[in-house]
Number of protein chains: 2
Amino acid sequence: MTVNTLKRQPLYVQVKQLLQQRIAGGEWQAHDALPSEWELADELGASQGTVRKALTELVDAGLLYRQQGRGTYAAPVPGDWGEARLLTPGLFAEQPDELAREFLGLSRFNASEDIAEALQLRRLAPLLRIRQLWRRHGAPVALDDALLPAEAFDGLDARWLRGSAGVYGTLQQRYGVRLHVVSEQFRAEMLPREEASLLGVTGMVADVPALCLLRLSADMQGRPLEWRQRYCLTHQLAYTVKHG
Amino acid sequence: MTVNTLKRQPLYVQVKQLLQQRIAGGEWQAHDALPSEWELADELGASQGTVRKALTELVDAGLLYRQQGRGTYAAPVPGDWGEARLLTPGLFAEQPDELAREFLGLSRFNASEDIAEALQLRRLAPLLRIRQLWRRHGAPVALDDALLPAEAFDGLDARWLRGSAGVYGTLQQRYGVRLHVVSEQFRAEMLPREEASLLGVTGMVADVPALCLLRLSADMQGRPLEWRQRYCLTHQLAYTVKHG
DNA sequence: GAGTGGTCTAGACCACAGA
DNA sequence: CTGTGGTCTAGACCACTCT
């Protein structure tokens, strides 16, 4: 086994980690075919069964997908909504409308105590804030703040965020970092003033309740790298999560 | 292979299904040890590796858990909150307080169109409604309506629901049915009058926003068997979901 | 030391996709 | 037909738990 560098990890875990790095490094773009299980086994000095187990875990993690008789392929980077969708309340089987993303701005500020703790940073550590607006049929339905540790994503350019596939896509493409959701919190709140104006909920209308989402995401090594806060208008739509 | 009854299913799937039935049937109570992989392999006429694969999937599904060097055990039935917890907003690592369950009542009515469709029933099919209140430190924090197809759970007795481990525990115990969450929807709503009074949100206080949860659950064969509607007071707590 | 789950291999055969 | 992923077996060794 050419791989084994004396780490006391099972071989299939080492294979998995190695492939993870190569995927994150951009060796295979979305829908590119990986080498066959036998080729990988040969190349990495493991048996086909061991490679298979590693690939299976990467498929389960959403990094790859398989097609019987054809091969194993790199999965596209998930969008900022992940598995969640906005659907009509009560209709679980509905086909979701795609949401249009609008990049509002990139700013910097310092972490509050909560956020610093969640992201395992020191107090007042510098953060990047990426603000995005989501529209459905032209009407604003959600507002999003992604907070990232500034040091981990030095040089992040606002221009990258305008046309791209969202925050997760940009981070994967520019920094080789693939995020996955660790935990989500849901609350009902009265929509704050600033968010209300950005979402186009104006003046006359009585106060509006909004779904407030907090999300903590981490890279594949488990380091927390994103705190996201999202306000959703849910008087007509419901935030829908499908389970495994 | 004594198992193979000409179904064109992989052997490990057959083993999995067979074990699933035996678990649901109550052959092993929570934390009972299953026979070893070798014993099961022998008994079922498959190899240890095949049994292992079936067990792994059942562990992933939450029906079993393993302890290295000790054995494989039946997992306890999940409570009505599943993987979700009520935590302080922003604190993802917090240890949750246990919630006290209070059974409010069992009633019957007929399915609305939405619910009938979701549960794959005809319009106006008879339903059982199980209403429960959840308290934290004595204060009401959530109100719960579980809607079940009356025909599937004929004879369900309100007394079973008073002392037990909740709806899912009762269904497992009395009907050998194990439910898992298929999909959840979240919305922010102003708390309706009836629910407000049951949650002890009274008079003077201005209208309160509440987190409204819709959940669809199914048995292990994928038949949808529960529609749950839950109102959570989230001015102090957040509905928290950890992801795999 | 005996018994359990955890990893790994080598080889076999099947089912499916595509030239 | 070849090449791919999907299943299955038999046997080996390791790591852990308990007596």
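Just so it is clear: chains get the letters A, B, ... in the order the sequence lines come, proteins before strands, and each one is counted from 1. It should be emphasised that the depicted structure is a prediction, and the values quoted were computed from it without experimental measurement.
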Do the ring planes of B/F153 and B/Y175 sit parallel (below 30°), tilted (30 to 60°) or perpendicular (above 60°)?
perpendicular
Distance test, side-chain N/O of [X] to OP1/OP2 of [N], below 4.0 Å:
X: A/R52; N: D/dG6; answer: yes
X: A/R66; N: D/dT4; answer: no
X: B/T50; N: D/dT9; answer: yes

So that I can tick it off, tell me whether B/K242 and B/E83 are bridged by a salt bridge, with the cut-off set at under 4.0 angstrom between side-chain N and carboxylate O.
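Looking at B/E83 and B/K242, the cut-off is not met.
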If you check every side-chain atom of [X], which of [options] has the closest atom?
X: A/P10; options: D/dT9, C/dT7, D/dG5; value: C/dT7
X: B/R70; options: D/dA15, C/dC8, D/dT17; value: D/dT17
X: A/E39; options: D/dT4, D/dT7, D/dG5; value: D/dT4

5' precedence on DNA chain C between B/T72 and A/Q67 (nearest-nucleotide basis)
B/T72
[X] [atom1] to [N] [atom2]: how many Å, rounded?
X: A/Q48; N: C/dC13; atom1: CD; atom2: C1'; value: 12 Å
X: B/Y73; N: D/dT17; atom1: OH; atom2: P; value: 11 Å
X: A/Q68; N: D/dG3; atom1: CD; atom2: P; value: 17 Å
X: B/E37; N: D/dA10; atom1: CD; atom2: C1'; value: 15 Å
X: A/K53; N: C/dG5; atom1: NZ; atom2: C1'; value: 11 Å
X: B/D32; N: C/dT4; atom1: CG; atom2: P; value: 16 Å
X: A/W38; N: C/dT9; atom1: CH2; atom2: P; value: 11 Å
X: A/D42; N: C/dC8; atom1: CG; atom2: C1'; value: 17 Å

Determine, for B/Y168 and B/R228, whether the Lys NZ or Arg CZ falls below 6.0 Å from the six-membered ring centre while staying within 45 degrees of the axis.
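Satisfied, under 6.0 Å and within 45°.
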Over-ring placement of B/R230 relative to B/W81, 6.0 Å and 45° cut-offs
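Checked: cation-pi criterion met.
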Looking at the rings of B/F103 and B/W160, which for Trp means the six-membered one, are their centres under 6.0 Å apart?
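That pair fails the under 6.0 Å test.
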